[in-house]
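Letters A, B, ... mirror the listed sequences (proteins, then strands); counts begin at 1. Note that this is a predicted model, so its numbers are computed, not measured.
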Protein chains: 2
Amino acid sequence: MATLAEVAQHAGVSASTVSYVLSGKRTISTATRLRVEQSIRELGYHPNAGARALASSRSNIIALMVPLRTDMYVPVMMEIAVAVATTARTHGYDVLLLTGEEGPDAVRRVTGSGLADAMILMDVELDDERLPLLRGTDQPSVLIGLPADTSGLTCVDLDFEATGALCVEHLAMLGHRDIAVIGEAPAVYERHTGFAERTLDGLRSRARKSGVRVLHRPCGGGYDAMSVTLARILDERPGTSGFVVQNEQAVEPLLALLRQQGLAVPEDVSVVAVCPDQVAVQASVRLTSVAIPAQEMGRHAVERLVAKLDGRGTDDVVLIAPELTVRTSTGPAPTAAS
Amino acid sequence: MATLAEVAQHAGVSASTVSYVLSGKRTISTATRLRVEQSIRELGYHPNAGARALASSRSNIIALMVPLRTDMYVPVMMEIAVAVATTARTHGYDVLLLTGEEGPDAVRRVTGSGLADAMILMDVELDDERLPLLRGTDQPSVLIGLPADTSGLTCVDLDFEATGALCVEHLAMLGHRDIAVIGEAPAVYERHTGFAERTLDGLRSRARKSGVRVLHRPCGGGYDAMSVTLARILDERPGTSGFVVQNEQAVEPLLALLRQQGLAVPEDVSVVAVCPDQVAVQASVRLTSVAIPAQEMGRHAVERLVAKLDGRGTDDVVLIAPELTVRTSTGPAPTAAS
DNA sequence: CGGAAGCATCGAAGCGCTTCGATGTACAGT
DNA sequence: ACTGTACATCGAAGCGCTTCGATGCTTCCG
C-alpha cells in the first residue's frame with residue numbers, strides 16, 4: 001500500500017502538502033494540486049484509516065445500534081439501517097453495526113475507544129438504560145424513537161401520536177363509532193417501547209374528542225393469535241366497524257379472518273394500517289394506511305448527527321408528520337339499517 | 001480519555017508492560033498483571049482504536065456488504081446481518097456496514113484504507129463484478145451466496161440444488177405428478193442471482209429422475225401478480241397438484257387465491273415453501289417448508305473469516321444441507337377418481 | 001520604497017499504540 | 001562456581017497521518 005510519504009516523493013513535494021491537498025485546509029497552488037492528484041491516482045493511494053483516526057482523533061465512523069430481537073418491524077429496521085448507511089456515505093462517514101446485545105457496554109466501548117465519532121440508537125425504550133451514558137458523554141448521538149425524557153437528547157421519530165389521531169379522525173369522518181385497535185405483540189408494550197404507547201395515546205385522545213369508542217388489543221403475529229383476538233373483539237364490541245392495525249404481521253391474518261367471518265372490506269368494516277407502504281400495497285386489499293417513513297428517518301438521523309459533528313447541531317426532537325394515504329380498505333360506516 | 005501511558009504510570013510499570021498485559025503476547029508476572037488490571041479499571045481505560053490499528057495494522061473490523069435493494073428476502077438479510085454482528089463480537093471483531101451501492105469501489109476503499117481486516121459479501125451474483133478485486137487482494141473474504149466460478153474464493157450458502165431436489169422428492173413421494181414452481185420476481189433471475197437458478201436446477205433434475213413435470217413461473221410479490229400467475233399455471237397445466245414457492249411475498253397470496261378457487265390445502269393441492277421458518281409457521285396454513293438458515297449462514301461466514309485471519313483458513317465452499325420440515329400444507333396427491 | 005499582508009510550501013512534533021531487541025534476575029544443570 | 005535458559009520488564013523505534021509554526025516569496029499601499 002502506498003503511503004502519504006510515497007505520494008509526496010512521487011509528486012516532488014512534502015508530506016504535509018499532500019495532506020493539505022487531501023483535506024483542503026490550506027490553499028495550494030493549482031499546479032501543485034494537480035501534480036499531487038496525479039500521483040495519488042498513479043500510485044492508487046488510499047489514506048490509512050487508522051493513522052488518520054489517530055492523528056485527527058476523528059474516525060469518520062458512525063455507530064448504529066440496531067435491536068437484537070428481530071421480532072418486529074424487521075423490514076423497517078433494515079430500511080432504516082440501509083438509509084443510514086447510504087446517507088452517511090454521502091457525508092464521508094462509514095457505519096459500524098452494533099447489536100443491542102451488548103447494551104450499555106457497547107456505548108462505553110465505542111465511546112471510549114474512539115472507534116466511532118457518533119452514534120445512532122434504534123428501538124429506544126421509554127426509560128432506556130443507555131441514555132444516562134449518552135448524556136454523560138460529549139459524543140454526539142441521535143435516537144430513532146422517543147424516550148420518556150428527551151432532555152439533552154436529539155431524537156427523530158414519526159409523530160406516532162399524530163398518527164393515532166389521524167387514523168381515528170379518518171374513521172370518525174367516515175361515520176365509524178366503534179373502533180378496535182390491533183396492536184403489537186404484548187411484549188412490545190411490556191418493554192415500554194415508546195411508539196406503541198404514543199400511538200395509543202393519540203388514538204384515545206382523539207377518540208374522546210370525536211365521541212368514538214376505542215378498544216385496544218395487543219396481538220402477536222400469525223393466524224392463531226389473530227383469530228383469538230378478533231373473536232374476543234367481536235364478542236365484546238359487536239358494533240365494531242373500524243380497525244386500526246399497528247402490526248405488520250397481523251395485517252394479512254386480519255383480512256383473511258374478516259373475509260372468513262363474512263365481513264367485507266370496506267363495505268362492512270374499514271381497516272387502517274400503520275405500516276410501510278409496501279405492505280399496504282401488497283396486501284390482499286389495498287390498505288388505507290399511515291406509512292412508516294423508514295428512509296426518511298434514517299436520513300434525518302444522519303443529517304442531524306453530521307450537523308452536530310460539524311458544530312452546527314442542537315438538541316431537539318424531530319417528529320415527522322404522518323401522512324395517511326386512502327386506498328380501498330376504508331369506506332363509510334354501514335348504516336344502522338343494514 | 002486515559003491513555004496507555006497513564007495506565008502505566010498509575011501502575012508503576014512501563015507502557016510496553018501494559019500492552020503485553022492487554023495482548024498476552026508475553027508472560028507477565030501475576031502480581032504485575034493484577035496491578036495493571038486494577039489501574040485499567042480505576043482509570044476506565046479503553047485502548048484507542050485508531051492507534052491500535054496504526055501500530056498493529058489490524059483494525060479488528062469486518063466489513064459486511066449488504067445488498068442495497070430491499071426488494072427480497074429482507075428479513076433473511078437482516079437476520080444474517082445480525083448474526084454476523086453478534087458472532088463477530090464473540091471473536092473480538094466489530095462490523096462495518098456497507099451497502100452495495102458503491103459496488104467495487106467500496107471494496108477498493110476498504111481494502112486500501114485498512115478500514116477493515118476482511119469482508120463478507122452478501123447477495124453475490126453469478127458473475128459478480130466485485131470478485132476480480134477480491135481475488136486480486138490478500139484481504140480475506142467470504143461470500144454468502146455462490147458465484148459461477150468459486151475458484152480462489154470462500155463461500156457459504158444453503159445448498160439450493162439439494163433444496164430444490166428435496167422439495168420435488170417430498171411431493172413426488174406423495175404422488176404428485178405435476179408441480180408448479182412459483183419463483184422470485186423476474187428481476188431476480190435477470191440479475192443472475194445464483195440461488196434462484198440453482199434451486200431450479202435441483203428441482204428439474206430431480207423431477208426428471210422422478211418422472212415429475214415441472215412448470216416454473218417467476219412471480220412478483222403481492223396479490224395481483226400472484227393472481228395472474230396462478231391463473232396461467234392452472235390454465236396451462238390443469239393437473240397441477242403440487243406447488244413449490246420460493247418467494248416470501250407470494251406465499252400468502254397463493255394460499256388465499258387457492259382458497260378462493262375452492263382448492264383446499266392439502267386435500268386438493270400441496271404447497272412446499274422455501275422460506276424462513278417464521279414465515280412458514282405464521283402463514284394461514286402451517287407450511288411444509290425448507291428453512292433458510294440465516295443465522296447459521298451468518299455465523300458460518302464469520303467463523304470462516306476469522307479462521308482465515310488467524311491463518312487457519314482455506315478457500316472452499318460450504319454448502320449447508322437443507323432440511324425439510326413437514327407441516328400441514330402437504331398431503332397425498334388426490335387420486336384420479338376425485 | 002519600506003513594511004504589512006497574503007500565498008504556497010516545508011519541517012517537525014506528536015497522536016497512542018505495538019513490538020523488537022536489550023537488560024536484569026533467578027534458577028537449573030554440570 | 002559458571003554457563004545456559006527461562007522469565008519479567010523496560011526503552012525506543014516506528015506505524016502513517018495531521019497540524020502548527022516558520023520560511024521565503026509576491027503583491028499591495030501609503
- For A:K25 and D:dT19, is the shortest distance between a side-chain N/O and OP1 or OP2 below 4.0 Å? yes

- Message: Counting the atoms with a prime plus P, OP1 and OP2 as sugar-phosphate, which does A:I28 contact under 4.0 Å by heavy atoms, base, sugar-phosphate, or nothing?
- Response: sugar-phosphate

- Task: Name the nucleic acid region contacted by A:S29, choosing base, sugar-phosphate or nothing; use a 4.0 angstrom heavy-atom cut-off, strictly under.
- Result: sugar-phosphate

- Separation of D:dC7 atom P from B:Y20 atom OH, nearest Å, is 15 Å

- Query: Of B:P47 and B:R26, whose closest DNA chain C nucleotide lies nearer the 5' terminus?
  - Reply: B:P47

- B:R89 vs A:E101, salt bridge (Lys or Arg N to Asp or Glu O under 4.0 Å): CA-CA, chis, key distance, verdict: CA-CA 10 Å; B:R89 281 301 308 142; A:E101 195 179 34; over 6 Å; no

- Check the distance between D:dT19's P and A:L22's CG and give it to me in whole angstrom. 12 Å

- Item | Side-chain N or O of B:T27 closer than 4.0 Å to phosphate OP1/OP2 of D:dA8 | yes

- B:N60 CG to C:dT18 C1', straight-line distance once rounded to whole Å: 13 Å

- Message: Is it true that B:Q38 and B:R41 share a donor-acceptor pair across their side chains at a distance under 3.5 Å?
- Response: yes

- Message: Does B:T3 reach a base, just sugar-phosphate, or nothing at all? Heavy atoms under 4.0 Å.
- Response: sugar-phosphate

- Note on the structure: A:I40 atom CD1 is separated from D:dG16 atom C1', nearest whole Å, by 14 Å

- May I ask you to check whether over 12 heavy atoms, not counting those of A:D105, lie within 6.0 Å of atom CG? yes

